[in-house]
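See structure below.
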Amino acid sequence: LGYSLDESKKLSDATTLLQKVGDNMTQQSSSEGMISVLKGFQKDADEAESIVDKVNQVANTQPIDTSGLFEGLSRSASSMDAANNSLEQTIALITAANSVVQDPASIGTAFKTISMLIRGATTEMEEAGLDTDGMAESTAKLRKEIKALSGVDIMKNKDEFKSTYDILDELSNKWSDLTDIQRASVTELIAGKRQGNIVSALMKNFDIARDTLNTAMNESEGSAEKELGNYQKGIEYSIDKFKATFQELSTNTLDSNIFKAVVDSGTAVVDVLNKIISVGKGIPALFATFAGIELFRNLDLFYLNWSLHTQEYNENGVVNKCVLLTF
């Protein structure tokens, strides 16, 4: 992907961290999500861990999980960046809309559409296969219509658009003062005919976007490493570490056939001892001890060579049951 060895190492560390602390993240989805965000928002590999912190902290405190955030970001990153939105603003918008819609993939596509509609990017929309129905004929006309309906200007000046986040933030502050007809008209102008539910959800829950933006910008630093540290102190980490260590032992130290023989031999001995106890009415524990000693004394042979002959008598002294066990 054009990264240097040093950059690749940093990305590897960041994606592994994301896999550990993220919700429903695999190594593959962590890597793909990270690359998509880095490329989409034109960020350097040095910023990878910061991205993990932001997404992780938002997922820990807002109504969306890590995999959902990366799903939404992957679908909208390039378009939102082109529309002057920061990563943090995009995270905030996706999170707020998801609080109602609960479909990060659709939300990501919606913000891709909305950002293009506002900028009048007809060619880009057609190339992306997005619906241009209801799109304004020109930026000047769109600017004039939205301002007349809501009082919100979509431009910073005659040459520069406001970010999608800032436009929607200003609209949310005026939303309650608009009539139903004005709301419907504004929604269609900025969202087209198919994404209106996303805008409606966002207008009613923009406080979540503001809270999320603050979290991503001011409260996320170091959150992923801290969470990983807490995980490492817990029982789950101890169990996982034991599993990994045992797997390494069985892979590097023991031949697979030998290891299978150990397991099979142990299973056979336990099965025999169960039968001895059930048939022999409690043969002394000494025998079980002897069997265990013999097993480990002869592990290099992986078999035991001994036999047991037990009999049970009825009340008349006649043999009632006879069992012969041989290894």
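Side chains are part of it too, since the values below use all heavy atoms of this structure and drop only hydrogens, waters and symmetry mates. Quick note: residue numbers are just sequence positions, from 1.
Under a cut-off of 6.0 angstrom, the local environment of CD in E219 is crowded, with over 12 non-hydrogen atoms contributed by other residues, nucleotides or ligands. The 12-atom threshold is not exceeded at CD of Q28, counting heavy atoms of other residues, nucleotides or ligands nearer than 6.0 Å. In the displayed structure, K144 atom NZ is contacted under 6.0 Å by at most 12 heavy atoms of other residues, nucleotides or ligands. The environment of NZ in K204 is sparse: at most 12 heavy-atom neighbours from other residues, nucleotides or ligands sit within 6.0 Å.
Rounded to the nearest 0.5 angstrom, S30 OG and M25 CE are separated by 4.0 Å. Atom-to-atom distance recorded for Q195:CD and T187:OG1 is 12.0 Å, nearest 0.5 angstrom. Taken to the nearest 0.5 Å, the OG1 atom of T95 stands 12.0 Å off from the CG atom of N205. Atom CZ of R210 and atom CG of L213 lie 10.0 Å apart (nearest 0.5 Å). Distance check: N230 CG to E225 CD gives 11.5 Å after rounding to the nearest 0.5 Å. Summarising the geometry, atom CD1 belonging to I146 is positioned 6.0 Å from atom CD1 belonging to I118; distances are rounded to the nearest 0.5 Å.
Scanning both residues, A83 and S115, for their nearest heavy atoms gives CB-CB, 3.7 Å. Closest approach of L178 and R183 over heavy atoms only: O-NE, 3.4 Å. Nearest heavy-atom pair across A96 and S99 is O-OG, 2.5 Å. Looking at every heavy atom in both residues, L17 comes nearest to A224 through CD2-CB, 3.7 Å. In terms of heavy-atom proximity, G151 sits nearest to K174 at O-CE, 4.0 Å. Among all heavy-atom pairs drawn from M34 and A48, the shortest one is CE-O, 3.5 Å.
Using a 4.5 Å heavy-atom threshold, the side chains of F70 and I94 count as separate. For the pair I51 and K43, the minimum side-chain heavy-atom distance is below 4.5 Å. In this structure the side chain of D81 never reaches within 4.5 angstrom of the side chain of T90, judged on heavy atoms. The side-chain heavy atoms of M80 and L93, taken from C-beta on, include a pair separated by under 4.5 Å. With contacts defined as side-chain heavy-atom distances shorter than 4.5 Å, the pair I64/Q102 does not qualify. Taking the side chain as every heavy atom from C-beta outward, L38 and L11 approach each other to under 4.5 Å. Between I190 and L117 there is no side-chain heavy-atom pair separated by less than 4.5 Å. Looking only at side-chain heavy atoms (C-beta outward), N60 and E227 come within less than 4.5 Å of each other.
Ionic pairing of K10 and E49 is not present here: no N-O contact between side-chain nitrogen and carboxylate oxygen is shorter than 4.0 angstrom. Salt-bridge formation is detected for the pair E71/R75: a Lys NZ or Arg NE/NH1/NH2 atom is positioned less than 4.0 Å from an Asp or Glu carboxylate oxygen. Salt bridge absent: D166 and K156 never bring a charged side-chain N and a carboxylate O closer than 4.0 Å.
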What do the steps show when you test L168 against W175 for side-chain contact (heavy atoms from CB on, under 4.5 Å), and what is the final call?
CA-CA 10 Å; L168 294 171; W175 203 249; over 6 Å; no
Stepwise side-chain contact (heavy atoms from CB on, under 4.5 Å) check, Y165 with F111
CA-CA 10 Å; Y165 179 94; F111 283 118; over 6 Å; no
Run the numbers on L87 and L73 for side-chain contact (heavy atoms from CB on, under 4.5 Å), then give the verdict.
CA-CA 9 Å; L87 168 64; L73 288 168; 4.0 Å; yes
Determine, step by step, whether I91 and T212 satisfy the side-chain contact (heavy atoms from CB on, under 4.5 Å) criterion, reporting the C-alpha distance in whole Å, the side-chain angles of both residues, the deciding distance to 0.1 Å, and the verdict.
CA-CA 8 Å; I91 289 174; T212 300; 4.0 Å; yes
Applying salt bridge (charged side-chain N to carboxylate O under 4.0 Å, His left out) to R143 and D153, what does each step give before you reach the verdict?
CA-CA 6 Å; R143 180 186 188 186; D153 194 345; 2.8 Å; yes
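With 3.5 Å as the limit, one finds a donor-acceptor pair spanning the side chains of N56 and S223. Side chains of S67 and D23: a donor-acceptor N/O pair is absent below 3.5 angstrom, by distance only. In summary, the side chains of T26 and S29 do present a donor paired with an acceptor at a separation below 3.5 Å, with no hydrogens or angles considered. Residues S106 and R194 bring no donor and acceptor atom of their side chains to less than 3.5 Å of each other.
Seen from the ring of F41, K54 does not count as a face-on cation partner, given the 6.0 Å and 45° thresholds.
Between the D53 side chain and the E221 main chain, no donor and acceptor come within less than 3.5 Å of each other. Counting only distance, with no hydrogens or angles, the side chain of T15 and the backbone of S12 share a donor-acceptor pair below 3.5 Å. Counting only distance, with no hydrogens or angles, the side chain of E188 and the backbone of S185 share no donor-acceptor pair below 3.5 Å.
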